[in-house]
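Here is the structure we will look at, set down as structure tokens.
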Amino acid sequence: MKIAIFFMALVCSLAGFSQTKKDTTSSIKLDAVVVSSQRFAKSKRKITQQVESISKKEIESGNFQTSADVLANSGTLAVQKSQQGGGSPNIRGFEASRVLLVIDGIRMNNLIYRAGHLQNSVSVDKNMLQSIDVLFGPSSTIYGSDALGGAIFFQTRDPKLLYETEDKKFTGNFITNYSTSNQGVLGHVDLNFASDKWASLTSFSYNDYGDLKMGKRKNGSNDFFGERPFYVQTTNGVDEVVASEDRYLQKYSGYKQYDVLQKIIYEQNYNTTHSLNLQYSTSTDVPRYDRLTDLNSNGKLKYATWYYGPQKRLLSAYKLSRKQLFLNSDLNLTASYQNIEESRINRNFGNPNQSARTENVSVFAINSDFKTKIGKADFIYGADVYYDDLNSVGVKKNIITNEESITDSRYPDGKNNTFRAEGFVSFSNDFSRTASFNASARAGYTSLNSEIVTNFMNLPYTTVSQENFIYSGAVGIVHNASKNSKIAFNLASGFRVPNIDDLSKIFDSSAGTLIVPNKDLKPEKSVTADLSITLWQGKHFQLENVFYYTRLYDAIVTGPFSLNGQNSMNYEGQNSVLYANQNQGKGEITGISSTFKSYLTKSLLLYGTFNFTHGRIQHDGLTEPLDHIAPYYGKTGFKYESGLMNLDLYMLYSGKKKLSEYSPSGEDNLKYAPENGTPSWETYHLKGTLFLSEQFTFFSGIENILDTQYRTFSSGINASGRNLFFGVKYEF
């Protein structure tokens, strides 16, 4: 890390120097930033919660392959990967079902979002994103359950009416690029049709990701790690272990993805707008790379196959926007339907029986938001209603005889559903010309029902049901003492209601470990206090430091369990120790997040981020590391922008995760890390954008310039090695 320390020292010295600059032609336009993730747009200066925004311009110029990669390269949060077709965001030590994903104002989290690691963010087409807002800290008063660590708000582009397209009826984009580290190919096209009152936006994206090649260069003094010396090949039903021709190529990590979007907008009059939003994403089979590297007790490859079936996500939504409705309120009313299909297919080496477990989820929702004025204060109120339904099946197939039979499903094979009805209010007002406050609250009712029809495991019960009354609140104060400073304090509670995955899942999380249902779970809750201090010098320098402390109550943790007096059972031919999700004790998380931006010249921006999190949980008289706590990490770089080109030279870095800091729950995936834990690493990247004309833009760059071999914390696949990419965008 010596290079990283030197680089950070250089950055700090330059940041200090930059404070004497007086050039006014370049600017950090904080006042102009509005954040749509607050259900209604709001100036960032008046938001007490920490928010980081990634613009369409940043997404395009970075030439990232997936939406998860956009987040991973932001330097503001960590992302875990179990396979190339994945990406599980981690915010302030919370991950998966404790982080809320929202697309166009609609929750993506559903009743089977798990607590371990999730790949659902990759189903969002990054080519159609207008922006990404990351909300740090509890956001339950805004969007309800699951937002303990924060929320990620994906905003896709909207159709443009004729007055927005300079009277052009048809406009659009064509994008293509190629990446060398996985032979990746992207093809994207979108078309906007505009008239005075109607507009339509149609988009299609195709991504072909080949097997990913890791770095070849040793990471400092650390041993080489994660290489692929052997893999399993099946011919006519016979499995054999084959030696890899290229040990740096992560065999069976490639896949393909297809994304379609259709939006229609109708501006009935000045006060009323109707919109239709249709999205569909699907893929080929996505190999679960980490499981394909698992070894059995004899030190041989355990699985012949382990992959996710096509990941399918369908969204259809109708939105009504109406200004100055009753009580002079502006209204946003959204009715939506989502359908998600996931499947897991695995087969042990030498065993002809292949298990396939498929989940089909339907989500129906109505969301209503109202905004009005009470004097000079903003008052927002509304209600959310969600109904989730799950069908889970398990099938075992002999790959030689093609005979099929029923096997245990991942979730109960009967009726599974959840219902949520919640209301919320938010009030914000100014104390004075420089100070303001906001207060918000949410309360509601939730229910869960799960039915086991085929009791393969001889559980002592066949139904699981719960009812919960939930609530949360937040209060914040912000003081803009001058145009050059902002101090904000926020105190917020959050909650996560147990879902079907928490209560009813049956899952072999690792060899010899089996997770079984626990019908007695309670919601987990959190309270977070954070203090942010932001400094500017004119419009050319910004430094923000956020200090936070979170207290976690009734934390859901995976621990040893027993059923019918037994603490182990035979599962798929192996004696497995029983574990279950349980409310175990209290947890606490402390941390700091820092960002800075400084224009050294009119066109040269120096920027950086630093994040540190520390987490512990207390239960049964013990204090242990909390899971999902990434080591310190961040990003530092220089960005040059002119009318002809943009250049971005940056470093991503991460600290070491010692063995003693891994959670004993297993969620940190210690078995996929080197023997001494996850080593520190830093990588260097150079990306450029050349504007050839008003229509043509050329993208090119090199990622992981030094070809460093490394793996991000908790991941089961090595990161990309040196990658050259080339791309072209044509606007018409």
Side-chain angles (χ1 to χ4, degrees), residues 110-114 116 234 237 239 285-288 291-292 294 296 302-312 339-362 388-418 448-465 499-519 561 563-564 566 568-581:
N110 57 56
L111 77 173
I112 63 168
Y113 265 42
R114 55 190 179 274
T234 304
D239 301 326
D285 295 335
V286 181
R288 174 73 186 266
R291 290 304 187 96
L292 292 176
D294 282 354
N296 58 27
K302 179 179 180 179
Y303 294 104
T305 58
W306 212 121
Y307 58 89
Y308 294 103
Q311 301 181 43
K312 300 177 181 180
N339 183 265
I340 301 94
E341 182 178 307
E342 299 180 359
S343 58
R344 295 162 176 80
I345 297 91
N346 65 279
R347 183 174 62 82
N348 289 351
F349 182 87
N351 188 335
N353 293 318
Q354 178 172 276
S355 298
R357 296 175 174 91
T358 302
E359 280 68 59
N360 192 284
V361 176
S362 294
D388 294 24
D389 180 79
L390 165 68
N391 180 38
S392 183
V393 297
V395 176
K396 183 171 291 186
K397 178 181 179 180
N398 187 303
I399 64 170
I400 298 176
T401 65
N402 289 323
E403 293 182 2
E404 293 186 355
S405 60
I406 298 175
T407 189
D408 56 302
S409 51
R410 180 177 172 87
Y411 302 106
D413 55 350
K415 295 180 180 180
N416 300 279
N417 56 70
T418 59
L448 176 148
N449 293 284
S450 183
E451 180 185 27
I452 302 171
V453 175
T454 311
N455 196 355
F456 282 95
M457 300 180 65
N458 193 29
L459 297 176
Y461 48 84
T462 57
T463 59
V464 176
S465 62
N499 60 19
I500 294 292
D501 187 90
D502 298 306
L503 284 163
S504 305
K505 177 175 61 178
I506 302 170
F507 177 60
D508 58 329
S509 63
S510 61
T513 299
L514 181 66
I515 295 177
V516 296
N518 175 15
K519 64 184 181 64
F561 197 66
L563 284 174
N564 300 324
Q566 302 295 317
S568 66
M569 67 168 44
N570 186 282
Y571 184 75
E572 293 195 338
Q574 179 172 350
N575 188 57
S576 298
V577 178
L578 298 184
Y579 281 73
N581 291 320

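The model shown is predicted, which means the values in this text are computed figures rather than measured ones.
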Rounded to the nearest 0.5 angstrom, the NZ-OG distance for Lys519 and Ser504 is 11.0 Å
Distance col, row Met569:CE vs Leu563:CG, nearest 0.5 angstrom, shows 6.0 Å
**Prompt:** Would you say the side-chain atoms of Asn518 pair up with the backbone N or O of Asn581, donor to acceptor, closer than 3.5 Å?
**Reply:** yes
Rounding to 0.5 Å, atoms NZ (Lys397) and CG (Asn402) come to a distance of 4.5 Å
Open item on the list: For a 4.5 angstrom cut-off between non-hydrogen side-chain atoms, does Arg357 reach Ser355?
Closed with: yes
Heavy-atom check, side chain of Glu342 versus side chain of Ile112, under 4.5 Å: yes
Rounded to the nearest 0.5 angstrom, the CD-CG distance for Glu451 and Asp413 is 8.5 Å
Practice prompt. Answer yes or no: is there a donor N or O on one side and an acceptor on the other, between the side chain of Asp388 and the main chain of Thr418, under 3.5 Å?
Written response: no
Result for side-chain hydrogen bond (donor to acceptor under 3.5 Å, both in side chains) between Asn360 and one of Asp389, Asn391, Asn339 points to Asn339
Asn417 and Leu111 have their tightest heavy-atom pair at CA-CD1, 4.1 Å
Correct closest heavy-atom pair for Ala580 and Ile515 would be CA-CG2, 4.5 Å
Margin query: Donor-acceptor pair, distance only, cut-off 3.5 Å: does the side chain of Asn353 make one with the backbone of Lys396?
Written below: no
On a heavy-atom basis, the closest approach of Phe561 and Tyr579 is CB-C, 3.8 Å
dist Tyr307:OH -> Arg347:CZ (nearest 0.5 Å) comes out at 9.5 Å
Note: Tyr411 and Ser392 closest approach over all heavy atoms is N-OG, 3.3 Å
Closest non-hydrogen atoms of Trp306 and Asn346, given as atom of the first, atom of the second and distance, are CD1-CB, 3.5 Å
Is the side chain of Asp239 donor-acceptor paired with the backbone N or O of Phe349 at a distance under 3.5 Å, no angle test? no
- Are side-chain N/O atoms of Asn416 and Ser450 paired as donor and acceptor at under 3.5 Å? yes
Between Ile340 and Glu359, is there a side-chain heavy-atom distance shorter than 4.5 Å?
no
When rounded to the nearest 0.5 Å, the distance separating CD of Gln311 from OG of Ser343 is 8.5 Å
Between Tyr303 and Arg291, the two heavy atoms sitting closest are CD1-O, 3.2 Å
More than 12 foreign heavy atoms under 6.0 Å from CD1 of Ile406: is that the case here? no
- So do the side chains of Lys505 and Ile500 get within less than 4.5 Å of each other, counting heavy atoms only? no
| Does Pro412 reach the side chain of Val464, with side-chain heavy atoms less than 4.5 Å apart? | no
(Q) Tell me if a side-chain donor or acceptor on Asn398 pairs with a main-chain N or O of Thr401 at a distance below 3.5 Å. (A) yes
